[in-house]
Amino acid sequence: MSEFDLVIRGGTIVTAAETARGDIGVKDGRIVALAERLPAGARTVDAGGKLVLPGGVDSHCHIAQPKRGPTRNADSFETGTASALAGGTTSVICFSPQFRGEGLLDVLAGYEAAAAAGAMIDYSFHIVLTDPSDRVMQEELPGLIRRGFRSLKIYMAYDTSALSDVQILTVFALARAEGALVTVHAENHAAIMWLSQRLVETGHTAPRYHPWAKPIAVEREACHRVITLAELTDTPIQVFHVSGAESAAEIERAQARGLKVFGETCPQYLLLDETDLDKPGFEGAKLIFSPAARPKENQEALWRCIRRGVLDVVSSDHAPWVYDSRQGKKAHGDNAPFNQVPNGVPGLETRLPLLFSEGVVKGRIDLHTFVAVTATNPARIFGLHPRKGTLAVGADADIALWDPELTKQVRNADLHHAVDYTPYEGMSVTGWPVATFSRGEPVWDGRSVLARPGRGRLLLRGPYDHIRPAGMLPTPFDPVAGRMRG
Ligand code: DUC
Ligand code: ZN
Ligand code: ZN
């Protein structure tokens with residue numbers, strides 16, 4: 001009997017740091033050997049001519065997220081994770097929301113049950129805070145963080161979720177005390193409300209006006225402000241979906257000062273621009289996402305930020321709204337004003353192929369950066385590394401076998417999500433996964449999803465380096481501890 005359940009033979013093994021030709025041996029779901037040549041396994045897969053990559057880690061996707069009101073995420077855990085694995089992603093971090101006036105525990109219990117029944121790959125959750133009441137902050141959240149939900153999400157925008165600066169400071173203080181990383185949707189809510197109202201009152205309601213209600217200044221200001229608040233409490237944060245170079249510059253300045261501020265962007269900001277919303281009729285609503293698409297020139301600046309490591313994660317922000325549905329983009333009518341259209345685009349399955357094609361194939365980023373921003377960095381930042389996000393002895397055998405020369409047109413009909421469109425329809429893309437393995441099990445063979453719903457496991461996370469404060473409070477007084485430092 002072979003010592004390996006699986007051997008992936010003769011591929012080009014790529015991590016965030018290195019490239020090597022050789023074999024990977026897998027036993028009981030983990031990588032147990034990496035060598036130039038291994039004996040055959042119970043199953044041996046020929047990876048000649050292919051890249052062997054760590055399965056992607058998508059640290060920002062909305063799957064089956066519980067909702068109040070008319071809208072519904074189209075993707076269940078089953079379709080969402082099928083879509084992920086068909087695109088080479090093997091771990092997802094989704095969102096367990098809080099509804100104002102309510103606690104966190106009931107929603108989380110229901111969400112855990114839905115994921116346990118449907119997920120085909122491993123998953124974790126960020127805890128969304130929209131109402132950080134004393135009760136939730138004292139009685140519920142500390143226990144959840146200690147249980148392993150070590151990341152929180154807060155919003156600075158949207159009527160039902162925006163937190164005030166005082167509330168943000170309260171969340172930051174608790175996050176630092178308990179050891180959680182806070183992720184932030186950074187946009188100036190009041191400015192967006194005022195601009196939207198002026199646009200709508202004057203008849204500018206079409207989807208193409210969405211970016212006018214959310215110019216880069218509203219993101220840049222919120223970035224600056226939230227970084228300031230994080231500095232006052234010495235709390236590590238990640239700014240989500242950075243859309244523009246001006247916001248990235250705020251992050252870069254904070255990083256240069258030694259603050260623990262991480263930045264994420266998404267393929268939609270690298271590939272789409274504001275003119276894409278200018279479509280006939282209501283079609284532009286498909287491209288309403290927030291922060292909004294920017295002018296085309298902004299895209300190369302974002303790629304530069306990725307190359308320099310200022311933005312170190314590219315996630316999908318997969319938001320599965322069906323276009324032609326009263327639960328999706330048309331929830332408020334066939335021609336609703338832009339500010340009533342649910343925000344977001346689908347992108348779980350296309351994230352890695354698009355980034356490879358537009359990034360690696362077109363020479364904007366190297367292969368190691370590709371692996372870093374799509375797998376290794378999100379795993380590190382959210383406490384999943386070294387179990388996820390890399391190819392190393394001891395890591396889970398989450399692997400994407402990648403054909404760097406396979407060129408296909410993106411067609412929504414070929415994707416596995418439950419959405420009726422992709423923003424990238426017809427785009428020619430080079431580089432696709434021809435097989436995906438999750439904990440050593442084949443879950444995708446380039447044509448079919450092989451995984452069983454419910455095989456995915458909840459990833460609870462222990463304390464980790466990225467949530468250690470930078471040790472850089474601006475005054476001798478520590479406002480979180482409530483005493484002088486030192
Ligand atoms: N913006 C969000 O804030 N959430 C989901 C998707 C989007 O575009
Ligand atoms: Zn957001
Ligand atoms: Zn999001």
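The basis for the numbers below is simple: all heavy atoms, side chains too, and nothing from hydrogens, waters or symmetry mates. Note that the coordinates shown come from a computational prediction; the quantities given were computed from them, not determined experimentally. Start at 1 and go down the list; that is how both ligands and their atoms are numbered.
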TODO: Identify which one of K260, R225, R257 satisfies the salt bridge (charged side-chain N to carboxylate O under 4.0 Å, His left out) criterion when paired with E231.
DONE: R257
Open item on the list: Regarding E219 and K214, does a basic nitrogen lie under 4.0 Å from an acidic carboxylate oxygen?
Closed with: no
TODO: Determine, for R208 against D276, whether the closest basic-nitrogen to carboxylate-oxygen distance falls under 4.0 angstrom.
DONE: no
- [ ] Give the single entry among S243, S290, A319 that approaches atom 8 (O) of ligand 1 most closely by any heavy atom.
- [x] S290
Open item on the list: I'd like to know whether E264 forms a side chain to side chain donor-acceptor pair (under 3.5 Å) with S59, so could you lay out the CA-CA distance, the side-chain angles of the two residues, the decisive distance to 0.1 Å, and finally the verdict.
Closed with: CA-CA 9 Å; E264 172 212 73; S59 51; 4.6 Å; no
- [ ] For the pair E425 (side chain) and N412 (backbone), establish whether a donor and an acceptor sit closer than 3.5 Å, ignoring hydrogens and angles.
- [x] yes
Open item on the list: What protein heavy atom lies closest to atom 6 (C) of ligand 1? Include the residue and the distance to one decimal.
Closed with: N343 O, 3.4 Å
TODO: Give the residue, atom name and distance (to 0.1 Å) of the protein heavy atom nearest atom 4 (N) of ligand 1.
DONE: H62 NE2, 3.9 Å
Task: For F289, atoms of ligand 1 separated by under 4.0 Å from a heavy atom - done: 8 (O)
Task: Geometric class of the F240/H126 ring pair [parallel <30°, tilted 30-60°, perpendicular >60°] - done: perpendicular
Open item on the list: For T275 and D273, which I'm curious about, is there any donor-acceptor pair between the side chains at under 3.5 Å?
Closed with: yes
TODO: Could you grab the distance from atom CZ of F262 to atom CG of N377, nearest 0.5 Å is fine?
DONE: 9.5 Å
- [ ] Give every protein N, O or S atom lying under 2.8 Å from the Zn ion (ligand 3), naming each by residue and atom.
- [x] H60 NE2, H62 NE2, D317 OD1
- [ ] Answer yes or no for Y158: is there a heavy-atom contact with ligand 1 below 4.0 Å?
- [x] yes
